[in-house]
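Side-chain atoms are counted along with the backbone in the values below, which use heavy atoms only and exclude waters and symmetry mates. Naming: A, B, ... by sequence-line order, numbering from 1 per chain.
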Amino acid sequence: MLEENTPIEDFRKEKPLPEIPRAIHFKEEKSFKLANGMTIILIENHQLPRVTAQLFVDRGIDNENDKAGLEQLTGRMLSCGTKYDIKSEWDTKIDYLGGSVNTSSIGGYASSLKKHFPKILSLFADAVQYPAFPINEFQNLKRQFLSNIMAQKSDAGDIMSNLTKKVIYPENHPYSEVLTEETIQNISIDDCISLYEINFRPEISYLIFEGDINLDEVTQLTYQYFGKWDRKGEVVRKKFEMFQNNQNDVSFVEKPGSVQSLIRIGYALDYTPYCRDMIAANLMNTILGGYFSSRLNMNLREERGFTYGISSVLNMDEHLGSFTTTVNVRNEVTSEAIRQILMEINRLRTEMVTENELEMVKNVVSGNFIRSIENPMVIARFALAKKKFNLEENYFENQLIRINTVTCDDIFTMSKKYLREEGLHIMAVGNKDVVPQLAEYGTVSLFNYKGQKIDVLK
Amino acid sequence: MTEDSLHIDFEEYDLSNGLHVILHRDTSAPLVVVSVMYHVGSKNENPERTGFAHFFEHLMFEGSENIPRGKFFSIVQEAGGTLNANTSYDRTFYYEVFPSNYLATGLWLESERMMHALVDKVGIETQRSVVKEERRQRYDNAPYGTIVEDSMKRAFRKHPYRWPVIGSMEHIDRAEEKDYRAFYSGFYVPQNAVLCVAGDFETEQAKEWISKYFSTISKGQFPLDSVIEQEPELTSEIRDKVYDHVQLPAVVHLYRIPAFASPDYFAVQLASELLSNGNSSRLHKSLVDSSQIAVQVGSFPFEMEHPGAVLQFAIGNADTKAEELEKLMDEEVNRLAVDGLTQEEFDKLINQTETRLVNEKSSLLTIAEGLSTYFTYFKNTDMYNSEYLNFISIKKDDIQRVVQKYFHKNNRVALFWLPFEEN
């Protein structure tokens, strides 16, 4: 679109050189313990007059068996009324102060402007320590859960999430459990109360404050609102075996009327948070599908126009990690998309990456890290990780150095260790017309939207 | 105190080619945002070629005279930066977030695509398929995905708000290279754009680079002669049923409302929040908690440059009928129109607004977008700083008044969103 009168400007031909980078500054955390064993962490940030507190109960995981959904329901029940307020009063008090409070089965958060924070924190503390478990709210919640389960039938993402649980995790693992009408109906209010009693204990709890608040204020507030919470004793944390599948298989769920196939290829694997491989394995996955110019996105989006976007995730988890790559493509190219994904996985497993490509993803990953630490919630997460996983004091300060020392050989080792040719699950949700395309990759097993195996499509 | 923390300092000026520049300096983190807002959205499109503004959101990453195809992304990524863009009915917003030592790179990139973006066949063909997949993924294949499109096309018959920002598949297929080139040279010109730099920079250095990279971009032929036809008021309710691949029925009420930031707009926004923001809001309390007939409710005004719309919806529980949902939605809106709100509810709205505005100030990108939006629509950047004042000067009775004025049947589209009878 060069116009005739546009001057020739040679400086435009090359990208400008960067200046010297400014030093990265880590916000410091402070921490202490209450007499009841609760760990308090503080990251001060006085830029805006607001405060957030996050509670994390380090409870581990457990099976729900025929009561899948118990954890979620229990977490929601904590926001359904306390010893002091029925639900509508509790809601009204929080909304009136413009705050927000959320609860889950392993914690929650409270946040508001500084001037309202003591009151908001006290309402959160009530929910955590004195939930009332009213039966009428329990019935309403159950009804909502049942409706939401029904709605999953039309949502490809929800269906894929159920299918993934059933297909990639072993049968007895908590991660394989799917909520259904039956499992929700099996849950009683007493189940919720018992789970609450097991999970919520000060000695396994971390409360992390971030924002416009100082150590004195935090000390005073936590003593006042959490100081009377009694110890309940240690809890036994369950261990689950790491698991590896060795066979490829193909699974399909029909979603009538689909104009795209939602495809996921993945498997469970042993990949724990802050393990030795973490930095190099993350760089390896970034090359494959972790940024815009990743191999998968360049191939399937920019070269072939199959999709709006594709990414891959190497998920670290202390109980069982996973690798997945997920993409929506138009029906006609379902088989070809799978072929390209498998090809890219294999290429990374069998060919060394170039220095240039590694340099690029090092910059991407370092940049993500630098941008992320400006978010105090990220520093809060680091502070928690340091305690939970016993990391060295300056672990995160050294993150950029660790990224920089990774070599092409390291990447090759990681791709052979974490990417597979055998033991891949190919999963798809979509129009039944695409089944023949899937059959190119093996016998297609059929499932319903809850991830239960079925014999024939309707 | 809140007012102080809500105030954003900035300076602004024009280059001789008409490009408006806004600088907001904040050195608390070594990051800088470079953004350009073009005053072009789907409402500027030819009705036979819808989806162009959004299509450009894709094309503008293809490269330029000096940036080979595919390099735009990699230059940003190599610098440890991130980039994206979004398109609405009224404007397109492009941005990068960089470590602050890469400011010059960001300015060079944005100036390149303003001066001579790569608008060619290869890019058009690739992005054509990508955009069609985007449409399928986000709208056609998503449950309730076309709620906005289906209600807006009934609420607007003349004004270009009647077609969706993503455009139609047919138009995307039919468009040719020359159509795209004409659109580019018509709208992507300096006097139709706002450059905003926000974050960690030295002001004099930033100004020098801005002049170096942007001042020689030629003006183009803007303004184009394009007349946008005003939409007459609705005179009676437009009612319809839409069948979709969903399981739970929903009711959608789309009311026509005044333009963003016009005198009644902020009161309409508060009325909307009273209805659906938080568990104590009117619709949530009535439909989700008391009668328990809905799983989700919402009420959202669209920030539109011309008179636009507020979308209210409720998604029912499994055994609920759309008629029951609508009955309670209407009851709540009517109760508000007739009885108004309590002082306590009014105070709540002000407290919630204060929190929301403070939270918005935590992101440089949100600030850059806010400043640019007010300049783009009103040529008055400082209106961003008077938002809080606008809200607190609203009277309790204003909220009741705007509910009476806008949230009535003859001013709305009512859709029953129903499950297909699937075998």
Chemist: Taking side chain as everything from C-beta outward and backbone as N, CA, C, O, which of these in B:K212 sits under 4.5 Å from a heavy atom of chain A? Side chain, backbone, both or neither.
Modeler: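 Looking at B:K212, backbone and side chain both touch chain A.
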Chemist: Within this structure, what is the CH2-NZ distance for the pair B:W108 and A:K13, rounded to the nearest 0.5 Å?
Modeler: 12.5 Å
Chemist: Looking at A:L146, A:T92, A:N140, A:N136, which has the largest count of heavy-atom pairs under 4.5 Å with chain B?
Modeler: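 Looking at each of A:L146, A:T92, A:N140, A:N136 in turn, A:N140 comes out on top.
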Chemist: With only heavy atoms counted, which part of A:I20 is less than 4.5 Å from chain B, the side chain, the backbone, both or neither?
Modeler: backbone
Chemist: For residues B:K348 and A:D95, report the shortest heavy-atom separation together with the two atoms involved.
Modeler: CG-O, 3.3 Å
Chemist: What I'd like to find out is whether the side chain of A:P49 reaches to under 4.5 Å of the side chain of B:S5, using heavy atoms alone.
Modeler: yes
Chemist: Cut-off 3.5 Å, side chains only: do B:E133 and A:Q260 have a donor facing an acceptor?
Modeler: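 Indeed, the side chains of B:E133 and A:Q260 share at least one donor-acceptor pair under 3.5 Å.
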Chemist: Just give me the residue among A:H25, A:E14, A:E89, A:E359 that pairs up with chain B most often, heavy atom to heavy atom, under 4.5 Å.
Modeler: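 Looking at each option in turn, the highest pair count goes to A:E14.
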Chemist: Need one label for A:F369: side chain, backbone, both or neither, based on atoms under 4.5 Å from any heavy atom in chain B.
Modeler: neither
Chemist: Name the option with the most non-hydrogen atom pairs under 4.5 Å to chain B; the candidates are A:I370, A:N148, A:N328.
Modeler: A:N328
Chemist: With a 4.5 angstrom heavy-atom cut-off, is it the side chain or the backbone of A:K93 that approaches chain B, or both, or neither?
Modeler: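 Neither part.
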Chemist: Given that the side chain runs from C-beta out, which part of A:V329 has a heavy atom under 4.5 Å from chain B: side chain, backbone, both or neither?
Modeler: backbone
Chemist: In terms of heavy-atom proximity below 4.5 Å to chain A, should B:E273 be classed as side chain, backbone, both, or neither?
Modeler: neither
Chemist: Checking the side chain of B:N279 only, and the main-chain atoms of A:D91 only, is there a donor and an acceptor separated by less than 3.5 Å?
Modeler: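 Answer holds: no.
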Chemist: Do the rings of A:F11 and B:Y213 sit parallel, tilted or perpendicular, given the 30° and 60° boundaries?
Modeler: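 Ring orientation of A:F11 relative to B:Y213: perpendicular.
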Chemist: Could you tell me whether the side chain of B:M115 reaches within less than 4.5 Å of the side chain of A:E9, counting heavy atoms only?
Modeler: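 SC-SC contact between A:E9 and B:M115 confirmed.
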Chemist: Under the criterion salt bridge (charged side-chain N to carboxylate O under 4.0 Å, His left out), I'd like the reasoning laid out for B:D319 against A:R143: C-alpha separation, chi angles, the key distance, then a yes or no.
Modeler: CA-CA 10 Å; B:D319 43 7; A:R143 194 159 168 219; 3.2 Å; yes
Chemist: For B:V97, which atoms come within 4.5 Å of any heavy atom of chain A: side chain, backbone, both, or neither?
Modeler: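 For B:V97, heavy atoms of backbone and side chain both lie under 4.5 Å from chain A.
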Chemist: When you measure from the side chain of A:S154 to the backbone N and O of B:H245, does any donor-acceptor pair fall under 3.5 Å?
Modeler: yes
Chemist: Is B:N277 in contact with chain A via its backbone, its side chain, both, or neither, using a 4.5 Å heavy-atom distance?
Modeler: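 Answer is backbone: N, CA, C or O of B:N277 sit under 4.5 Å from chain A.
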Chemist: Can you tell which of A:L262, A:V259, A:V364 has the highest number of heavy-atom pairs within less than 4.5 Å of chain B?
Modeler: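 Among the listed options, the one with the most contacts to chain B is A:V259.
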Chemist: Determine the minimum heavy-atom distance between A:Q144 and B:V288, stating which atoms define it.
Modeler: NE2-CG1, 3.3 Å
Chemist: Going by side-chain contact (heavy atoms from CB on, under 4.5 Å), A:Y96 matches just one of B:E345, B:E344, B:Q352. Which one?
Modeler: B:E344
Chemist: Could you tell me which portion of B:V76 (side chain, backbone, both or neither) has an atom closer than 4.5 angstrom to a non-hydrogen atom of chain A?
Modeler: neither
Chemist: Please name the pair of heavy atoms, one in B:A318 and one in A:S147, separated by the smallest distance, quoted to 0.1 Å.
Modeler: N-OG, 2.9 Å
Chemist: Are B:N141 and A:S258 packed together at the side-chain level, in the sense that at least one heavy-atom pair is separated by less than 4.5 angstrom?
Modeler: yes
Chemist: Which atoms form the tightest heavy-atom contact between A:R22 and B:P30, and what is the distance?
Modeler: CB-CB, 3.8 Å
Chemist: Between A:R12 and B:S111, does the side chain to side chain donor-acceptor pair (under 3.5 Å) criterion hold? Intermediate values first, please.
Modeler: CA-CA 9 Å; A:R12 293 195 163 275; B:S111 75; 3.0 Å; yes
Chemist: Check whether any side-chain heavy atom of B:E78 sits under 4.5 Å from a side-chain heavy atom of A:K362, and report yes or no.
Modeler: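 They are not in side-chain contact.
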Chemist: Where does B:T27 contact chain A at under 4.5 Å (heavy atoms): side chain, backbone, both or neither?
Modeler: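 Both parts, backbone and side chain.
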Chemist: Which answer fits B:R356, side chain, backbone, both or neither, if we ask what part of it has an atom under 4.5 Å from a heavy atom of chain A?
Modeler: neither
Chemist: Should A:H116 and B:T355 be marked as a side-chain contact (heavy atoms from CB on, under 4.5 Å) after you check the CA-CA gap, both sets of side-chain angles, and the distance that decides it?
Modeler: CA-CA 10 Å; A:H116 304 306; B:T355 308; 5.5 Å; no
